[in-house]
**Q** 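Here's a structure for you.
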Amino acid sequence: MAKYYIYHDPTRCIGCLACEISCMDWKELPYGEANCRIFRFGPEAVFGEPDLTFMYTSCFHCEKPLCVEACPSGALAKREGDGIVVFREDLCIGCRACITACPWGIPQWNENAGKIHKCDYCADRIDQGLKPACVTRCPVDALKFVPVEEASQLKRMRWLRDTFGRQVAPAAKY
Amino acid sequence: MGEKRTVYSICGMCSVRCPIMVEVEGDRVRWISGNPHDAGMGTALCAKGIAGRALLDDTERPLSPLIRDGERGSGKWRTVSWDEALDYVAEKLKAIIDQYGGRAVLLSDRGGPFGEYRKAFLKAIGSPNYCNHDVTCAVSVNHAALSLFGFGRKTLNYDYKNAKHIVLYGRNILESIKIKTTKAVINALDRGAKLTYIDPRYSVTASKATRWWRIRPGTDYALNLALMHIIIKEGLYDKAFVSRWVHGFEHLAKFVEQYTPEWAEEETGIPAQEMYLFCREIAQDAPHVIFHPGWMRARYKQAFWESRTTYLLNVLLGAIEVPGGLFFMKGPKDAGKKGLNSIGENLPKVEEKRADGAGWKYPYINKGPGLLHRAFEAIKTGDPYPIKAYIVHRHDPLTGLPDPEAQVEIFKNLDLLVVVDVNWSETAKYADVILPECTYLERSDLIANQKGLKPGFRIRTAAIEPRYDTKPGWWIYIQLAKRLGKGEHFPYETIEDLWEKQLEGTGITVAQIQEKGFITLTDKPIWYDRMNDLPFKTESGKIEIINKKWEDAGIPCLKPYESPEKPPKGKFRLLFGRCAWQTHGMWMNNPALHPYLKENVLWINKKVAEEMGLKDGDKVIVSNGGYKKEMRIFATELIHPEAVFMLHGFGRTVPQQTRAYNRGVADQRLEVGLLDVYDPAGGANALCECFIEVKPAK
Ligand code: SF4
Ligand code: SF4
Ligand code: SF4
């Protein structure tokens, strides 16, 4: 079962691309390629209010990963224990079935290798007790690698904090 | 693979120089992150810092010494050995020094904590002509600080972490990143601190601000005068602090009386009502407030006064030597410890006047870094004396200073132009000799002071051996000094020899510093007694509203406001800046960053664009003087209609940089005639005093 989640906090995110370049660098992907991608809304005036918002996107490591079902070669698999959807490049035959299957556009084409690439939560780092490369180097701690339950809690606190403009904490926690 | 090691060092991808941790496997750098021993840094690193690994792999940079083998700028080079290159440079320098004296040698760099050997080298050969890049950066801010406090801008730093209200004038703190600062600001905002951001353009920083003022370009000074008007008139200032430390407050009070918010509304476009609200609000948060005096404020002729009044807003609100405000940077002495020793042995004192006039023709201009654009004037005219050799160290005036065409013309008067750099710069293209420095990952440097609330030392240690035929800067200059018969001042062979000299008598070893990459000399933060014991270096020992040095030269410290010109029809004021994955023009060709830095676009006001028949994404021709280029527009209501904006550093002309070559538009090439346009009181080039033409491309 999926254990982890990468929580992205758009209130903190400055759209600096360090996460993308960090991913490319650690995974030694072709320059300009990364498993995670930052998108922006704006800058534009929305009903007269200027706005610019960044969103981080990467693999959700689905409970029922359609990419795994689509993959004919066993290159994609859901890992026992922590539920990470891992990718084995040596088994990939470059058929791109996963690109078609994934509803979120997560698998991407690696031109150098003629295979796909996708986020595996930096499983090699996790196994060493480290955090994913993107999370580790985010300059403003806009990314957090957390148990899934905590992500929901963080998200609730985020909107409460943004709506009321005050510090917020779970009621039972001191 | 190979043996694994961890090296704590200092990033070199921009001049911020963040503390880093480098993990090495054998002879290969596998990972770079922030240095987790530094709590404010953690493992954070910006895109550029991460791209340091790609720099190592990049072969589109000078990889061995090169001597020009054709006309200047012809792009023809001969690969030579270090001995040949150094002999060649030394011989040329010797001939110049014999004929014109040591003063005929000019050196410019980007300043920084590792450059002592370069200044020592100039001293050894008898030249006063050291300049840094600051004329296109913070020199006016520095003089604003000098005129008020008697010390430069770096003596005061900003405690963002504890600030309740931060005010920034185009200081795009979330895109022109300093990691520790950027993180501290985001943390402060998350804690509920307010951010007022003043910029004609909506940047990422504006997007996080509690208040964004889309000010008319060039009118910061008007805004500040009106803010002071309100603060003084409504008695919102810190009376105890002001009466204790401000000399000549009555002059200021009288002067700002005429500058009402209603008047400033006309000038700036910011509603007077908002100014009143702002002042009342920020006075409640005082003294835990920061008005940032500017970093890169080399934009307008009034920069000195813009910056001076920004400092004064801090002073009025008592935000000096206080948590959440500005604080004094402390050194080893404050911790009761011995500082680093100078490396030059028995260096002669250079009595010669500076060629740029700093300290004599312009007595109020700091002699340390001088004024590079005035040094260029001396190259051009030979007045006050000829400058015949120019050593450009990790600096790129043809990108950083305006009007490269005019500069290339001026350089024709030089007998020798040497570039020391890691990278191909635009200036390197015109060099006679290129001495390639190894990258910061392959280089150990001098130990540096780390001033702050907890002063200490920090060190850059090479993570790996240089991959190509490149050398560290300190080695290059010591070799040159030896060849010029000045070796006695530099009795060193290795970096260890230099470190030993620096640390002599401090009781601290290199190994101690290297353990974490830095060492602090005290456990407790040092604060001065802010009502009794602030070390202002002015004549009065106080903050001076009227400074004699400037007044005596006919420059009023309280200068009547002058309204910036409005651009004529069809023309726009050219603004420029940078983004978070870019360091000025330095890494356009970095293989990892290039995919994100292919071309720049022109921000233009949407309404104005529509009137010109343009829509978002259309192509336009931008031009000024002889420079003309096509680019796409980004049409948005989030930029002032008088202005257009582009990212700086594009339009590279070095063919060796195949990725960046001729991509995008070079803003500095549009700044025609601006080499001689500068702030007369602070010395900075006024890079935004520039109107360019924009026409639909058809
Ligand atoms: S590194 Fe962090 S701040 Fe930068 S774009 Fe990614 S998530 Fe946002
Ligand atoms: S977790 Fe690892 S693989 Fe996934 S996006 Fe982040 S850096 Fe890339
Ligand atoms: S801001 Fe980025 S490039 Fe600059 S020193 Fe820090 S990590 Fe390096």
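Every chain is numbered from 1, with letters handed out A, B, ... down the list of sequences.
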**Q** How about residues 594-605 of chain B versus chain A: which residues have heavy atoms under 4.5 Å apart?
**A** Pro595(B), Tyr596(B), Trp603(B)
**Q** Identify which part of Arg161(A) has an atom lying under 4.5 Å from any heavy atom of chain B, answering side chain, backbone, both or neither.
**A** side chain
**Q** Using a 4.5 angstrom heavy-atom cutoff, name the option from Asp141(A), Val135(A), Leu52(A) with the most pairs to chain B.
**A** Leu52(A)
**Q** Do the side chains of Leu441(B) and Leu56(B) get nearer than 4.5 Å, heavy atoms only?
**A** yes
**Q** Looking at Phe54(A) versus Phe39(A), is the centre-to-centre ring distance below 6.0 Å?
**A** no
**Q** Please look at Ala142(A) and chain B and tell me whether the side chain, the backbone, both or neither of the residue comes under 4.5 angstrom of a heavy atom of that chain.
**A** neither
**Q** Chain A: which of Ala47(B), Ala206(B), Ala580(B) shares the most heavy-atom pairs with it under 4.5 Å?
**A** Ala47(B)
**Q** Answer with side chain, backbone, both or neither: which region of Gln167(A) has an atom nearer than 4.5 Å to a non-hydrogen atom of chain B?
**A** side chain
**Q** Verify whether the ring centers belonging to Tyr197(B) and Trp213(B) lie closer than 6.0 Å.
**A** no
**Q** Determine whether Val140(A) and Thr182(B) make a side-chain contact, defined as any pair of heavy atoms from C-beta on separated by less than 4.5 Å.
**A** yes
**Q** Hey, is CZ on Arg191(B) packed in by over 12 heavy atoms from elsewhere, all under 6.0 Å?
**A** yes
**Q** Counting C-beta onward and ignoring hydrogens, is there a side-chain heavy-atom pair between Cys95(A) and Pro72(A) closer than 4.5 Å?
**A** yes
**Q** Between His292(B) and Tyr158(B), is the ring centre distance below 6.0 Å?
**A** yes
**Q** What part of Leu638(B) lies closer than 4.5 angstrom to a heavy atom of chain A: side chain, backbone, both or neither?
**A** side chain
**Q** Chain B heavy atoms under 4.5 Å from Cys138(A): which part of the residue, side chain, backbone, both or neither?
**A** backbone
**Q** Which class fits the ring pair His584(B) and His648(B): parallel under 30°, tilted 30 to 60°, perpendicular over 60°?
**A** perpendicular
**Q** Heavy-atom pairs under 4.5 Å with chain A - which of Thr43(B), Leu593(B), Ile32(B) has more of them than the others?
**A** Thr43(B)
**Q** If you count heavy-atom pairs within less than 4.5 Å of chain B, which of Gly42(A), Gly32(A), Cys19(A), Gly165(A) leads?
**A** Gly32(A)
**Q** For Ala54(B), is it the side chain, the backbone, both or neither that has a heavy atom under 4.5 Å from a heavy atom of chain A?
**A** both
**Q** Measure the CG-CG distance between Asn110(A) and Leu29(A) for me, rounded to the nearest 0.5 Å.
**A** 6.0 Å
**Q** Rounded to the nearest 0.5 Å, what's the gap from CG on Leu195(B) to OG1 on Thr210(B)? Could you check?
**A** 5.5 Å
**Q** Name the member of Pro50(A), Ala45(A), Ala133(A), Pro30(A) that forms the most heavy-atom pairs with chain B at distances under 4.5 Å.
**A** Pro50(A)
**Q** Are any of the side-chain heavy atoms of Ile179(B) and Ile177(B) separated by less than 4.5 Å?
**A** yes
**Q** Is Thr636(B) in contact with chain A via its backbone, its side chain, both, or neither, using a 4.5 Å heavy-atom distance?
**A** side chain
**Q** Side chain from CB out, backbone as N, CA, C, O: work out which of these in Asp57(B) comes under 4.5 Å of a heavy atom of chain A, or both, or neither.
**A** side chain
**Q** State yes or no: are the ring centers of Tyr4(A) and His61(A) separated by less than 6.0 Å?
**A** no
